[in-house]
Amino acid sequence: MAKKHRPKHFYDYSLLFCVIFLTAFGLVMIYSASSYTAQLRYGDASYFMMRQLKIAAGGLILAVVVSKIDYHHYAKFAVFSYILSYILMIAVSLVGRRVNGKRRWLGVGSLSFQPTEFVKIALIVLLAVVITAMGRKINSWRCVGVIAALTLPIAAIVAANNLSSGIIIVGIAFVMLFVACRKTAPFFACALAAVGVTVIAGPLATFLEKINLLHGYQLNRIYVWQNPEAYSQEGGYQVLQGLYAIGSGGLFGKGLGESIQKMGFVPEAQNDMIFSIICEELGLFGAVSVILIFLFMIYRFMLIASNAPDLYGAMLVVGVMGHIAIQVILNIAVVTNTIPNTGITLPFISYGGTSVLFLMIEMGMVLSVSNKIKLEK
């Protein structure tokens, strides 16, 4: 009896290798950027790197496991995950750990995580399910309003303690809607409006602060962004030191491990400002190379989304793509002082266990969609 012919399925090893490379590069840069501080604080130059290595290794294994699960199973937990995200955010607002004056962490003992990372995944899955269920109706204003109603409340709760994550959550919904809808003019109008808000950020921020929609420290960030030299010993210190690092790197940098600014000048250099250390040590060449790798990753996302077996799979990938792209753009924009400092990590490269763990789960989801693409009929 002849064997039944089974179609071959695709698995995006290029994306997997890209994730592994970025994570490994991130570990090298975390060690380089944090070794001085880690030695002073903990007596171990590799303290931050080893912590990141353990979580990244576990996350990579989890990503491979998730990639072998049929992505349609995620839809079963969409509503539950969305409700759980509200519970977690309310919990962190009430009993979360304070770090730098903000409640962003939930945990027991030495174990802790940022619920905002879970919220991003929960929203991506929920919106993918809802957009798929709406089908062609997504082009109506009513359906767009439903997506906004699902996104804005949770984004507002997140933004109360973590403005950058709130912006990313809104951005994810924006990208998914942009791809799903036929009408593009409203989205371009929103983009132009965002540019306009940036231009009048100073007067607008002052007005919002007067009507108690903006906190004083947030208003100060706007002032620092517009004129960091005037606040060189206060809010502008980190921004200026980061810019000094970028400027001193030149074309090819000072060499790996040769940064001067990481010697206590750039606060928490292994976190939000790690791109400035990359620029200082590897120069413009290294910075552009990192950006090109992220662009290649975006290209792989687009390729998988365009060949996904169904709309639900495509929307999952688009949501993850939007998350990665927005976070990379915002981090580099903050480091180069293109936008006000919002405290946001560079995906896979910055130090942060919660961030890298949930990013790996997202990569597993994307690889799961790729694994269902048939190479032949």
Side-chain angles (χ1 to χ4, degrees), residues 9-16 18-19 59-60 62-85 116-138 143-144 146-148 150-151 154-155 165 168-181 187 294 296-328 347-348 355-374:
H9 289 270
F10 178 66
Y11 192 89
D12 201 330
Y13 287 102
S14 295
L15 177 60
L16 180 61
C18 187
V19 171
L60 186 60
L62 183 59
V64 174
V65 172
V66 171
S67 72
K68 295 301 180 180
I69 300 172
D70 188 341
Y71 64 90
H72 293 96
H73 291 309
Y74 309 147
K76 300 175 183 178
F77 305 97
V79 176
F80 171 76
S81 299
Y82 181 71
I83 295 172
L84 180 60
S85 67
T116 52
E117 301 301 326
F118 175 80
V119 173
K120 294 169 189 174
I121 295 182
L123 188 69
I124 289 171
V125 175
L126 180 75
L127 293 186
V129 171
V130 173
I131 290 172
T132 302
M134 288 177 175
R136 295 180 181 274
K137 295 178 182 178
I138 190 63
C143 290
V144 172
V146 170
I147 300 298
L150 290 171
T151 304
I154 188 66
S165 290
I168 291 172
I169 288 169
V170 173
I172 289 170
F174 183 88
V175 171
M176 293 179 76
L177 271 176
F178 176 76
V179 173
C181 293
F187 296 96
F294 277 116
F296 177 74
M297 177 179 280
I298 299 300
Y299 164 71
R300 299 310 301 181
F301 289 148
M302 293 173 64
L303 196 65
I304 295 170
S306 61
N307 291 280
D310 52 27
L311 179 60
Y312 170 62
M315 284 294 102
L316 279 178
V317 178
V318 168
V320 175
M321 179 183 72
H323 176 200
I324 301 295
I326 293 168
Q327 194 158 326
V328 170
F348 303 104
S355 175
V356 74
L357 181 62
F358 281 93
L359 282 171
M360 288 296 185
I361 294 174
E362 289 185 21
M363 294 304 104
M365 290 166 54
V366 173
L367 289 170
S368 176
V369 176
S370 80
N371 200 31
K372 290 298 179 181
I373 298 174
K374 294 180 181 179

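Note that the structure is a prediction, hence the values are computed from the model and not measured. Residues take their numbers from the sequence shown, with the count starting at 1.
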Item checked: Worked check of side-chain hydrogen bond (donor to acceptor under 3.5 Å, both in side chains) between Ser67 and Tyr11 -> CA-CA 9 Å; Ser67 72; Tyr11 192 89; 2.8 Å; yes
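- Listed by first and then second residue, the salt bridge (Lys or Arg N to Asp or Glu O under 4.0 Å) pairs involving residues 125-134 amount to none (not counting sequence neighbours).
- Contact of the Pro347 side chain with the Met297 side chain is not registered, since no non-hydrogen atoms from C-beta on lie closer than 4.5 Å.
- Using a 4.5 Å heavy-atom cutoff, the side chains of Ile298 and Phe301 are in contact.
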Notebook entry, point to check: Run the side chain to side chain contact (heavy atoms under 4.5 Å, CB included) check on Leu367 and Val66 step by step: do they pass?
Noted result: CA-CA 8 Å; Leu367 289 170; Val66 171; over 6 Å; no
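- Here the closest heavy-atom approach between residue Ile304 and residue Ile373 is recorded as O-CD1, 3.9 Å.
- Sorted by first and then second residue, the pairs that involve residues 296-306 and meet side-chain hydrogen bond (donor to acceptor under 3.5 Å, both in side chains), not counting sequence neighbours, are Asp12-Arg300.
- Note: Leu60 CG to Leu357 CG = 11.5 Å, rounded to the nearest 0.5 Å.
- Residues Val170 and Ala155 share a closest heavy-atom pair of CG2-CB, 3.7 Å.
- Residues Gly364 and Tyr74 share a closest heavy-atom pair of O-OH, 4.4 Å.
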Please tabulate, for the side chains in residues 310-321, all donor-acceptor contacts under 3.5 angstrom to protein atoms that are two or more places apart in sequence or on a different chain.
{"from": "Asp310", "atom 1": "OD1", "to": "Tyr71", "atom 2": "OH", "distance (Å)": "2.9"}
{"from": "Asp310", "atom 1": "OD1", "to": "Gly313", "atom 2": "N", "distance (Å)": "2.8"}
{"from": "Asp310", "atom 1": "OD2", "to": "Tyr71", "atom 2": "OH", "distance (Å)": "3.3"}
{"from": "Asp310", "atom 1": "OD2", "to": "His72", "atom 2": "NE2", "distance (Å)": "2.6"}
{"from": "Tyr312", "atom 1": "OH", "to": "Tyr71", "atom 2": "O", "distance (Å)": "3.3"}
{"from": "Tyr312", "atom 1": "OH", "to": "Ala75", "atom 2": "N", "distance (Å)": "3.2"}

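- Annotation: side chain of Tyr82 is in contact with side chain of Leu150 (closest heavy-atom distance under 4.5 Å).
- For residues 358-368, there are no salt bridge (Lys or Arg N to Asp or Glu O under 4.0 Å) pairs, not counting sequence neighbours.
- Separation of atoms CG (Leu177) and CD1 (Ile172) is listed at 12.5 Å; rounding is to 0.5 Å.
- Atom CG of residue Leu123 and atom OG of residue Ser85 lie 7.5 Å apart, to the nearest 0.5 angstrom.
- The line from CD of Glu117 to NE2 of His323 is 5.5 Å long, rounded to the nearest 0.5 Å.
- For the atom pair CD1 (Ile326) and CZ (Phe174), the distance works out to 9.0 Å, reported to the nearest 0.5 Å.
- Few gaps surround NZ on Lys68; more than 12 heavy atoms of other groups in view lie less than 6.0 Å from it.
- Separation of atoms CZ (Phe348) and CG (Leu359) is listed at 4.5 Å; rounding is to 0.5 Å.
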Check: When you look at Val125 and Phe77, which way does the side chain to side chain contact (heavy atoms under 4.5 Å, CB included) test go after all the steps?
Finding: CA-CA 9 Å; Val125 175; Phe77 305 97; over 6 Å; no
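- Ser165 and Lys120 make their closest contact through OG-NZ, 3.8 Å (heavy atoms, listed as atom of the first residue, atom of the second, distance).
- Pairs engaging residues 127-136 under the side-chain hydrogen bond (donor to acceptor under 3.5 Å, both in side chains) rule: none recorded [sequence neighbours left out].
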Checklist line | Test log, rule side chain to side chain contact (heavy atoms under 4.5 Å, CB included), inputs Met360 and Leu62 | finding: CA-CA 7 Å; Met360 288 296 185; Leu62 183 59; 5.8 Å; no
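- Of all non-hydrogen atoms in Phe296 and Cys18, the two that sit nearest each other are CD2-SG, 4.1 Å.
- At least one side-chain heavy atom of Ile324 sits under 4.5 Å from a side-chain heavy atom of Met363.
- Between the side chain of Ser368 and the backbone N or O of Ile69, at least one donor-acceptor pair lies under 3.5 Å.
- Considering Ile147, Leu126, Val146, Val179 in turn, Ile147 is the only one that fulfils the side chain to side chain contact (heavy atoms under 4.5 Å, CB included) rule with Ile131.
- Applying the ring-ring contact (aromatic ring centres under 6.0 Å, His included) rule to Phe118 yields no partners; only residues at least two apart in sequence or on another chain are considered.
- Across every non-hydrogen atom of Cys143 and Ile138, the tightest pair is CB-CA, 3.9 Å.
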Item checked: Intermediate values then yes/no, side chain to side chain contact (heavy atoms under 4.5 Å, CB included), Val369 and Met365 -> CA-CA 7 Å; Val369 176; Met365 290 166 54; 6.0 Å; no
